[in-house]
Structure formats: C-alpha cells, structure tokens
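Step one of this worksheet: look at the structure below.
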Amino acid sequence: MTATVLPVQRDLSGLFRAALERAVSSGALALDPAAIPDPALERPRLPEHGDWATNVALVLAKAAKAPPRAVAEAMVAHLELPDWVAGVEVAGPGFVNVRLDQMWFAALVRRVLAAGESFGTIDLGHGERVNVEFISANPTGPLHVGNARLAPMGDALANLLTATGHKVEREYYFNDAGSQIEQLGASVEAAYLGLLGRPAEAPADGYKGAYVADAAGELQAEQGDALADLDPDERRARITDWAFRRMLAGIRETLARLGVEFDVWFSERTLHDTGAIAETVDELRARGVVEDRDGAVWLRTTQFGDDKDRPLIRSNGAPTYFGADAAYYRDKRRRGFDRLIFLWGADHHGYVPRMRAVVRAFGDPDDVAEFHISQLVSLVRAGQPAKMSKRAGDIATVDDLLDEVGKDAFRYTMLRFSLDAPIEFDVEAVTRQSLDNPVYYVQYAHARIASVLRQGTGTGFSPLPVDEADLGLLTHPMEAALLRRLAAFEEQVLTAAGQRAPHRLTRYAEDLAAAFHRFYGECRVLTDDHALSSARWWLVNSTKRVLANTLALIGVDAPERM
RNA sequence: GCCUCCGUAGCUCAGCGGAUAGAGCACCGGCCUCCGGAGCCGGGGGCGUGGGUUCGAGUCCCGCCGGGGGCACCA
C-alpha cells in the first residue's frame, strides 16, 4: 500500500476526515468519532474512476452498521470541496472517486518546471544514514553479468534513497584475504612462468579464463622475467598481490563504464589486520552469545532464528568468512549508519539467516539491516546457455556486453525486472533487437521533445511565460492522459524507494513515454494558435523534465538527439 | 530432507489487499503533403491447483504440483 504522504493525498485525506466528522456530529453516521481513521487515498486503475479514490467507506461500513455506499453518500454529503477538486462521486461497492480540477494540473506543470532536477524528491528519510552494499564480487577475475546485475540495481536504489531524503553511501566489500585470492595468484604465476618457458603446473582448481593468460602477459610485459628467479614464496606473494590489484582495477574500470561509483571500497584484510575480528568475538562473548566447542569459537545463531550455530573462529585459530562478516557488520554500525542494505546474489541466499542472527546478537533491531537477494542472470548466446563460471574459462564479461549493447541498454535491461525474477539475458537478442529495446523507446521520447523544442526555437516561436500561459487549455484526452502520467511521478519515486524496487521506474518511464508518443500523434505543439501552442510548449517541457529525472534515477542518459 | 525465490498472454516480464489484470516481443491488419515512423491505431489470446482469512485475493496464510537457487570449521 502506498503510504499517504504526498501533499495531495494528505489534503484529500483531511477533507474526507472532516466530512466524516461532520457526518457523525450531524447524526448522519452512527460512529464513534475516535474510530474515524485517516482515509487512505489510492490511484484508481481506470481513468474513468478519476484521479484519486478512497476506500474509507468500505472500511467503516461494519462499524457504522450501514452499507458501504450509504457511508460514502453520507460522507460526500458533508464534504466541503476546495476549488482544485473538480468533483467526487460514489462508485462501485462504495469507493469515493475524486477528480482533480484542471487548475491542479496547471499547477503541477508549473511545479515541475520550477523544481527542475529536484522534481520528485521528497524528504522521507530526514537525513537517515544508509549504507548500500552491492556487487562485492571477489576480485579474482573480471565482473560477470551475474554480479553486474546488482550494479545498476544498487546504484539506482542509492539514487532513490537519496531522492527520498536519506544520506547514502555506496560500498563495495572485497575479499583480499582468502584462498580464492591465493588461487588467483597461483594461476597467474603458472601462466607467467609458462610464457617464459619455465616448467610450471597450473593449480588443479585454479582459474582458467583467458583473463589469467592476459594478466600473465601484462605481467611479463611489465616485469620481463624479473620475477621468475625469485624465491618461490616471495614470487608467489608478489604475483598474488599484483594479480589481485590488477583484477580490482579492472573491476573499477568496468564499473566506471557502467557509471557506478562507490564511496567506500572495503577490504576484508583490514578486518584481520586491525584486530577487528578479535574485538568482535570479544564483544559477542561479553554479550553471552558465544561458545567454545571442539576448539572453535561459535556464535549461537540458533538463539536468533538460525537453524544451526556458526563458527566465528576455526579450531586452527583462523577466522571464518562468517567471522569476518560479523566484524564487517559491527564496523558498519560503528561508522554510524542507521540502516544497512545488503544486495546479494542468489548464491548468498542461505547466508541471510545467520546474518540476521548477527544483527540480533549485537542487540540491534531487525530493521537496521535489510538483505535483498537477486535471482540469477543466465546468459544466453543464440539460444545456447553460456557458461559464466570464472573458473570454467568460457566467461562472458560485462566488458564484452558493454561493447555490444552499451551502458544504457545494459543498465536498463537489468533494471526492467524485479530482483525476485531471474533474468535470461540473451546477448544475441539484445544486440539484434537493440532498436526495439524499451530503453530506446523512452530515450526517443526525450529526444523527440528536444527536437520539437529546437524546431520551435529555430522558427522563432516565443511562448507566453509559463505563469501567463493558459494551461487550462490542455483538455484534449491525450493531454489529460499525459498530465495524469506526470502527476504519478512523485508517488512512483516513493513506491520504488520504499519497496526497494528500482525496476518500477523503468515501467513508469515506458508509460510516460507512451503517453507522450500518443499525445504527439494527436496534438501538434507548434500551431497558429499561440495560446494553445504556449500551453503545449510547457506541457512537453515538463514531460521532458520528468523523463530526464526518471532516467537520471536509473542512471540512463536522456539524449537531446539520437 | 530443510530454507528460499518463482509459476500471470505463444515468449520475456509488470501488477501498492480494491472496481473491467497490463506492457514489450512475436503474429495479423491499418497510418507518413504537416513539429523525428526508433512512432501511432486496431486484432486475437492469461492469474498452476485445493483450501483459508477478508466487505473485497493475481496480491496475505496453509497444503499440493512444477521450476530455479542455497544447504560446509569453503570462499
């Protein structure tokens, strides 16, 4: 349910509440005045049902011991309508539909143009500090599409939270301490020695992708054979460190191409090096939720809803990955965040209960941390499944995809679907059908408006100033439909932010673009009628603005030409 | 076996407990003397299944069926 937070919703809700109170005090309704709720305002699905509707009569029918329609009639009879409401009507089983006056839409257009880039922002968060952690793929190879699905998603979510009044930081957590990194080092080392014609055996479960050979080639170009004759331990350590940095830099380059920038790159190793893990264990021990068993240190996560306890420290004294994650959680909280959002891939699914347990083990309320799991992206080439394992060799990297489809199509395609829906990304299809991709449909609407505006300016059209133009002329059905779509933007931002569902924005963008294209087919902007053309000029200007703001939230360009 | 996500049009997916369930693709048929045809208009077709909650269920709860993912002192 959409929270009643928009000014227009609050105003209408207040009107209906006042009407109910008057109906009760006049005896028209038999209700306890204290039982009158704040009427909820929602969008009717059908345009014929007006701009807003309240179901309050259906909700109150039982308490009022009257049929819903009778409650609605009594309420409406006691309504005092402001001039910006054109009318209300009781409909269906007892809904009260509200039709806004044309002057409300005229004010909307002026509000869009006055607010500009900030149209659609609304302060719900009151500066709440939110950390959004996403991707966090281990730097053992290039980013692949599975991980990269979360790049536009996390970035757009961060944009949405910023737009709704939160103070947001984007964070990437990378594992630079584990055996996977050592495997990477060993793999690159073997490839490097191989290039030099030295005997070298690639680790059996090492990484085999072409990028390993590429990295080895770069290393050779950089260092020649200088590393070959080092002490094996030092050579391994130096190559591992070099390879890890190389991979991390590659990931950052890829993310830069995607238009994603992180505020914080967090190294797992620092948790080990600074003693944070040991401190975390101590703190949890002090809270009485840790137990020593079989030489290992366990967090009693079962006490907090997990199905089995989890070790923080192995019996050999080394921290587990989970131990590091507990320390990482503690670190984020100590940095002062009010809320932590984790966007994880499907493979981390089983990890959620134990991390929830960590939240509770620290005595934090559940809603401090949100864990969102994205379903898989399966990559398909010409109908054939493509392997995505970094170890398997045949990987399709995000860079490859970006070369083929570009940043905007990539981001938009990944953002069109709910996190809960698996995506089948057919490279062939996205490439071949790129002209039919919805992203172009939306961008085309923006470019088309820009073209109209250029045309007008180029031919010397000079609209009346927006405050003088008669926006009441915008009464054509296509104009009315377009105004309705514009009016929906703010609630779309609220809903998308509140539900952590950026994909709603792409659907909205398509609706808005469609409303514009239909308008465009029926209504000429530049005509001999100066008053009408002026009104339409500001209408398409505000449409362009809202399209641009929507695309900005999802990180897609709004082109003037294409 | 346990946990979890999903099941809506031929395909890919939207759908905030509300009224007559939508879009794109595909298919068929129309629309450029006029601001960009990357567009517009029309057509056919759908909520896996059985209960429950509710004034009202595609939406919430339980079962069943079907599919994806996850189950480590791995990372």
Side-chain angles (χ1 to χ4, degrees), chain A residues 1-3 42-46 48-49 53 55 57-59 61-62 67-68 91-95 97 138 140 175 177-183 268 293-298 306-308 310-316 318-324 345-353 373-376 378 416-424 426 429 433-438 440-445 447-456 458-459 461 491-492 494-495 498-499 501 503-504 506-507 510-511 513-514 516-518 520-527 533 536 540 561-562:
Chain A
M1 181 166 60
T2 305
E42 54 194 31
R43 288 283 186 185
R45 186 151 29 203
L46 300 175
E48 306 90 87
H49 293 154
N55 63 353
L58 292 105
V59 174
K62 186 176 278 185
F95 293 101
N97 295 331
N138 287 350
T140 52
N175 300 112
S179 62
Q180 290 193 8
I181 291 294
E182 289 165 18
Q183 286 294 337
E268 180 196 354
R293 196 195 308 158
D294 306 330
V297 182
W298 300 72
D306 198 7
D307 57 357
K308 60 185 85 161
R310 310 289 173 174
L312 295 162
I313 307 290
R314 281 180 276 237
S315 49
N316 68 7
T320 60
Y321 191 85
F322 176 60
D347 57 335
H348 276 63
H349 198 116
Y351 226 71
V352 174
I373 302 298
S374 94
Q375 296 303 305
L376 297 182
S378 54
R416 270 197 97 210
F417 309 108
S418 155
L419 270 188
D420 289 337
I423 296 180
E424 187 171 283
D426 190 325
Q433 299 173 359
S434 63
L435 295 187
D436 297 320
N437 191 312
Y440 296 103
Y441 179 82
V442 174
Q443 290 183 316
Y444 180 62
R448 213 176 191 189
I449 295 173
S451 172
V452 172
L453 298 179
R454 278 193 302 272
Q455 178 84 12
T459 58
F461 175 74
E491 70 208 69
Q492 291 296 329
L494 291 177
T495 304
Q499 297 184 352
H503 71 279
R504 285 178 159 275
T506 59
R507 306 290 173 159
E510 288 159 38
D511 285 348
F516 169 73
H517 286 307
R518 282 195 284 267
Y520 184 87
E522 301 260 339
C523 304
R524 252 190 96 84
V525 175
L526 304 169
T527 70
S533 287
R536 288 180 174 168
V540 299
R561 290 185 164 85
M562 22 190 324

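So that the names make sense, note that chain A is the first sequence line, chain B the second, and so on, each numbered from 1.
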When you measure from the side chain of [X] to the backbone N and O of [Y], does any donor-acceptor pair fall under 3.5 Å?
{"X": "A:Thr527", "Y": "A:Arg524", "value": "no"}
{"X": "A:Thr320", "Y": "A:Gly323", "value": "yes"}
{"X": "A:Ser374", "Y": "A:Leu419", "value": "no"}
{"X": "A:Trp298", "Y": "A:Leu312", "value": "no"}
{"X": "A:Arg314", "Y": "A:Asn316", "value": "no"}

Qualifying residues under side chain to side chain contact (heavy atoms under 4.5 Å, CB included), relative to [X], sequence neighbours excluded:
{"X": "A:Ala57", "value": "A:Val71, A:Ala72"}
{"X": "A:Ala450", "value": "A:Arg454, A:Lys544, A:Glu560"}
{"X": "A:Arg504", "value": "A:Gln492, A:Thr495, A:Ala496, A:Gln499, A:Ala501"}
{"X": "A:Tyr520", "value": "A:Arg448, A:Val452, A:Phe516"}

Pick the nucleotide of RNA chain B nearest each of A:Cys523 and A:Leu376; which residue has the one closer to the 5' end?
-> A:Cys523
By nearest-heavy-atom nucleotide on RNA chain B, the more 5' of A:Ala53 and A:Ala513 is A:Ala53
With a 4.0 Å cut-off on heavy atoms, is A:Asp306 in touch with a base, just the backbone sugar-phosphate, or nothing at all?
-> nothing
When we call it a touch if two heavy atoms are under 4.0 Å apart, what does A:Ala445 touch: a base, just sugar-phosphate, or nothing?
-> nothing
Close side-chain approach of A:His517 and A:Tyr441, heavy atoms under 4.5 Å = yes
Take nucleotides 7-13 of chain B nucleotide by nucleotide from the 5' end and write B, S or -, depending on whether a protein heavy atom sits under 4.0 Å from the base, only from the sugar-phosphate, or from neither.
-> ------S
Heavy atoms under 4.0 Å is the rule here; annotate nucleotides 70-75 of chain B 5' to 3' with B where the base is hit, S where only the sugar-phosphate is, and - elsewhere.
-> S-SBSB
[N] [atom2] sits how many Å from [X] [atom1], rounded?
{"X": "A:Tyr441", "N": "B:G39", "atom1": "OH", "atom2": "P", "value": "7 Å"}
{"X": "A:His517", "N": "B:A23", "atom1": "NE2", "atom2": "C1'", "value": "14 Å"}
{"X": "A:Tyr444", "N": "B:C35", "atom1": "OH", "atom2": "P", "value": "11 Å"}
{"X": "A:Glu510", "N": "B:A14", "atom1": "CD", "atom2": "P", "value": "12 Å"}
{"X": "A:Leu419", "N": "B:G69", "atom1": "CG", "atom2": "P", "value": "18 Å"}
{"X": "A:Gln375", "N": "B:G68", "atom1": "CD", "atom2": "P", "value": "13 Å"}
{"X": "A:Met562", "N": "B:G36", "atom1": "CE", "atom2": "C1'", "value": "10 Å"}
{"X": "A:Glu42", "N": "B:G15", "atom1": "CD", "atom2": "C1'", "value": "14 Å"}

May I have the step-by-step check of side chain to side chain contact (heavy atoms under 4.5 Å, CB included) for A:Gln375 and A:Ile423, ending in yes or no?
-> CA-CA 8 Å; A:Gln375 296 303 305; A:Ile423 296 180; over 6 Å; no
Roughly how far apart are A:Thr140 OG1 and A:Gln183 CD, rounded to 0.5 Å?
-> 10.0 Å
Taking N and O atoms by type only, does the side chain of A:Asp511 place a donor or acceptor under 3.5 Å from a partner on the base of B:A14?
-> no
Between [N] and [M], how far apart are the two [atom1] atoms, rounded to whole Å?
{"N": "B:C5", "M": "B:C64", "atom1": "P", "answer": "16 Å"}
{"N": "B:G70", "M": "B:C62", "atom1": "P", "answer": "24 Å"}
{"N": "B:C6", "M": "B:G48", "atom1": "C1'", "answer": "12 Å"}
{"N": "B:G63", "M": "B:G1", "atom1": "P", "answer": "14 Å"}
{"N": "B:A9", "M": "B:A21", "atom1": "C1'", "answer": "11 Å"}
{"N": "B:C40", "M": "B:C32", "atom1": "C1'", "answer": "11 Å"}
{"N": "B:C60", "M": "B:G24", "atom1": "P", "answer": "26 Å"}
{"N": "B:A75", "M": "B:G56", "atom1": "C1'", "answer": "50 Å"}

Which residues pass the side chain to side chain donor-acceptor pair (under 3.5 Å) test with A:Asp306, sequence neighbours left out?
-> A:Thr301, A:Arg310
Partners meeting side chain to side chain donor-acceptor pair (under 3.5 Å) with A:Asn55 (sequence neighbours left out) | none
What nitrogen or oxygen pairs link the protein and nucleotides 52-55 of chain B at under 3.5 Å?
residue	atom	partner	partner atom	Å
B:C55	OP1	A:Lys62	NZ	2.5

Any residue meeting salt bridge (Lys or Arg N to Asp or Glu O under 4.0 Å) with A:Glu510, in chain and number order, not counting sequence neighbours | A:Arg416
Does [N] have OP1 or OP2 under 4.0 Å away from a side-chain N or O of [X]?
{"X": "A:His49", "N": "B:U20", "result": "no"}
{"X": "A:Arg518", "N": "B:C40", "result": "no"}
{"X": "A:Arg504", "N": "B:A14", "result": "no"}

With side chain to side chain contact (heavy atoms under 4.5 Å, CB included) as the test, would you mind laying out the steps for A:His49 and A:Phe95 before giving the verdict?
-> CA-CA 9 Å; A:His49 293 154; A:Phe95 293 101; over 6 Å; no
Can you name the closest pair of heavy atoms from A:Asp420 and A:Ile373 and give their distance?
-> OD1-O, 4.1 Å
Nearest heavy-atom neighbours spanning A:Asn97 and A:Ala53 = OD1-CB, 3.3 Å
Look at the rings of A:Phe322 and A:Tyr351 and say which category their plane angle falls in: under 30° parallel, 30 to 60° tilted, over 60° perpendicular.
-> perpendicular
Fill in the dot-bracket string of RNA chain B, one character per base: . for unpaired, | for a pair to another strand, ( ) or [ ] for pairs within the strand, taking Watson-Crick or G-U pairs under 3.5 Å.
-> (((((((..((((....[...)))).(((((.......)))))....(((((..]....))))))))))))....
Where does B:C32 land, syn or anti, once you apply the within-90°-of-0 test for syn?
-> syn
Under-3.5 Å N/O pairs linking protein and nucleotides 28-34 of chain B:
residue	atom	partner	partner atom	Å
B:C34	O2'	A:Arg524	NH1	2.8

Using centres under 5.5 Å plus planes under 30 degrees as the test, is A:Phe95 stacked with B:A19?
-> yes
